Amino acid sequence: MAKMLYSVTMSLDGYITGPGGDMSWAVPYLKPNPLVDELIANIGSLLVGGRTLGGDDPHRGTEREGKAFGGGWSGPQFVLTRDTSRTSTADLTFVHDPETAIRMAKEAAGDKYVNVIGAETARLCLAAGQLDEVLTIVAPVLLGGGVRLFDRPAGDPVPLERMSLSSTDVVVNIWARVVK
Ligand SMILES: NC(=O)c1ccc[n+]([C@@H]2O[C@H](COP(=O)([O-])OP(=O)(O)OC[C@H]3O[C@@H](n4cnc5c(N)ncnc54)[C@H](OP(=O)(O)O)[C@@H]3O)[C@@H](O)[C@H]2O)c1
């Protein structure tokens, strides 16, 4: 059974984008990270939020722009969006409700991970009781504003259990499971 993993690069002050959705801040931290290489080999599908698909890309202006993990991964992607005008392709399926998107992404992933991309999408998975793990790649930068890792101002605490802690020269990887 596939597990659902929210993996994301986050600033030290808890943002996954800069103000206005800017992602150029992440460029200095896109260095080789053995843990991410290991993860990529274990991803069976992606569940991508509509704002992520249309959002900024730290690979902007390069041949890696618009590709999953900068071109490091390929396979079935499920995009959660209210926009019904988009046409699905072989690898990109547009889905219009979270429950169906989660089900389809899990079926496609087999025994591997569904990698969840986008904070709101991850929150929806959590609310549905479907989020299993969170991999936060912490970058040593303060952004001051933007999209938060998890914006649940009125929410109860969500206990996490650390699975691994590792680092490269530039980032710290914190991998945790959601305690259910
Ligand atoms: N730091 C990182 O590692 C990293 C990684 C990935 C992305 N990002 C950034 O994160 C930002 C996106 O995150 P986000 O939290 O703002 O958004 P998101 O999770 O990517 O997408 C949210 C979108 O999901 C769709 N949606 C939500 N609820 C829905 C429902 N009930 N039914 C159907 N569709 C629904 C809507 O898409 P529509 O608007 O299309 O209808 C909504 O705008 C982007 O700026 C991206 O660049 C950062």
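Just so you know, ligand 1 is whichever comes first in the structure, and atom 1 is the first atom listed for that ligand. Nothing here was measured: the structure is a model prediction, and the numbers come from that model.
- Within the 4.0 Å heavy-atom criterion, neither part of Ser7 lies near ligand 1.
- Side chain of Asp57 to main chain of Gly66: a donor-acceptor pair is present (N/O by atom type, distance under 3.5 Å, no hydrogens or angles).
- Checking side-chain atoms of Ser11 against main-chain N and O of Tyr15 turns up a donor-acceptor pair under 3.5 Å.
- The part of Leu124 lying near ligand 1 is the side chain, judged by heavy-atom distances below 4.0 Å.
- Without hydrogens or angle criteria, Asn115 side chain to Leu46 main chain gives no donor-acceptor distance under 3.5 Å.
- Within the listing of ligand 1, atoms 1 (N), 2 (C), 3 (O) sit less than 4.0 angstrom from a heavy atom of Val8.
- The shortest contact between atom 38 (P) of ligand 1 and any protein heavy atom is with Thr81 OG1, 3.5 Å.
- Residue Ile16 has at least one nitrogen or oxygen atom sitting less than 3.5 Å from a nitrogen or oxygen atom of ligand 1, judged on distance alone.
- The stretch residues 115-127 participates, sequence neighbours left out, in these salt bridge (Lys or Arg N to Asp or Glu O under 4.0 Å) pairs: Arg51-Glu120.
- At the shortest separation from atom 47 (O) of ligand 1 among protein heavy atoms lies Asp56 O, 3.4 Å.
- For Glu120, heavy-atom contacts with ligand 1 shorter than 4.0 Å involve the backbone as well as the side chain.
- Near Gly49, the atoms of ligand 1 lying under 4.0 angstrom from a non-hydrogen atom of the residue are 18 (P), 19 (O), 20 (O), 21 (O).
- Within ligand 1, counting atoms from 1 as listed, the ones closer than 4.0 Å to a heavy atom of His96 are 32 (N), 33 (C).
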Tabulate below the donor-acceptor pairs under 3.5 Å that side-chain atoms of residues 128-147 make, not counting sequence neighbours, or state none.
unit_1	atom_1	unit_2	atom_2	d
Gln130	OE1	Lys106	NZ	2.8
Asp132	OD1	Lys180	NZ	2.7
Asp132	OD2	Met4	N	2.8
Glu133	OE1	Tyr113	OH	2.6
Glu133	OE1	Trp175	NE1	2.8
Glu133	OE2	Tyr113	OH	3.3

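- With atom 44 (C) of ligand 1 as the reference point, the heavy atom nearest to it among Arg51, Arg148, Arg123 is part of Arg51.
- Under the 3.5 Å distance criterion, the side-chain polar atoms of His96 are left unmatched by any main-chain donor or acceptor of Arg82.
- Looking only at heavy atoms of the protein, atom 35 (C) of ligand 1 is closest to Leu80 CG, 3.6 Å.
- When atom types are taken as modelled, the side chain of Lys67 and the backbone of Ser74 share no donor-acceptor pair closer than 3.5 angstrom.
- Atom 23 (C) of ligand 1 has Gly50 N, 3.5 Å as its closest protein atom, hydrogens excluded (heavy atom only).
- Given atom 29 (C) of ligand 1, the protein heavy atom at minimum distance is Arg82 NH2, 3.4 Å.
- Ring to ring, Phe150 and Tyr6 are close: their centroids are under 6.0 angstrom apart.
- In this structure, of Ile117, Leu30, Asp151, the residue bringing a heavy atom nearest to atom 6 (C) of ligand 1 is Ile117.
- Remark: the backbone N or O of Phe78 is not paired with any side-chain donor or acceptor of Thr93 at under 3.5 angstrom.
- In this structure, of Thr136, Thr52, Ile137, Leu53, the residue bringing a heavy atom nearest to atom 46 (C) of ligand 1 is Thr52.
- Remark: ligand 1 atoms within the under-4.0 Å shell around heavy atoms of Thr121 are 18 (P), 19 (O), 21 (O).
- No side-chain heavy atom of Asp22 sits under 4.5 Å from any side-chain heavy atom of Thr17.
- Using a 4.0 angstrom heavy-atom cutoff, Ala26 does not count as in contact with ligand 1.
- When only interatomic distances are considered, the shortest N/O to N/O separation between Thr9 and ligand 1 falls below 3.5 Å.
- Of the protein's heavy atoms, Thr17 CG2, 3.4 Å lies nearest to atom 45 (O) of ligand 1.
- Nearest to atom 13 (O) of ligand 1 among the protein's heavy atoms is Ala119 N, 3.6 Å.
- Following chains of ILVMFWY side-chain contacts shorter than 4.5 Å, one can reach Trp25 starting from Ile117, so the two form part of one hydrophobic cluster.
- Cluster annotation: Leu35 is not connected to Leu30 through the hydrophobic network of ILVMFWY side chains, with a link wherever side-chain heavy atoms come within less than 4.5 Å.
- The backbone N or O of Glu107 sits nowhere less than 3.5 Å from a side-chain atom of Arg103 that would complete a donor-acceptor pair.
- No N or O atom of Asp97 sits closer than 3.5 Å to an N or O atom of ligand 1.
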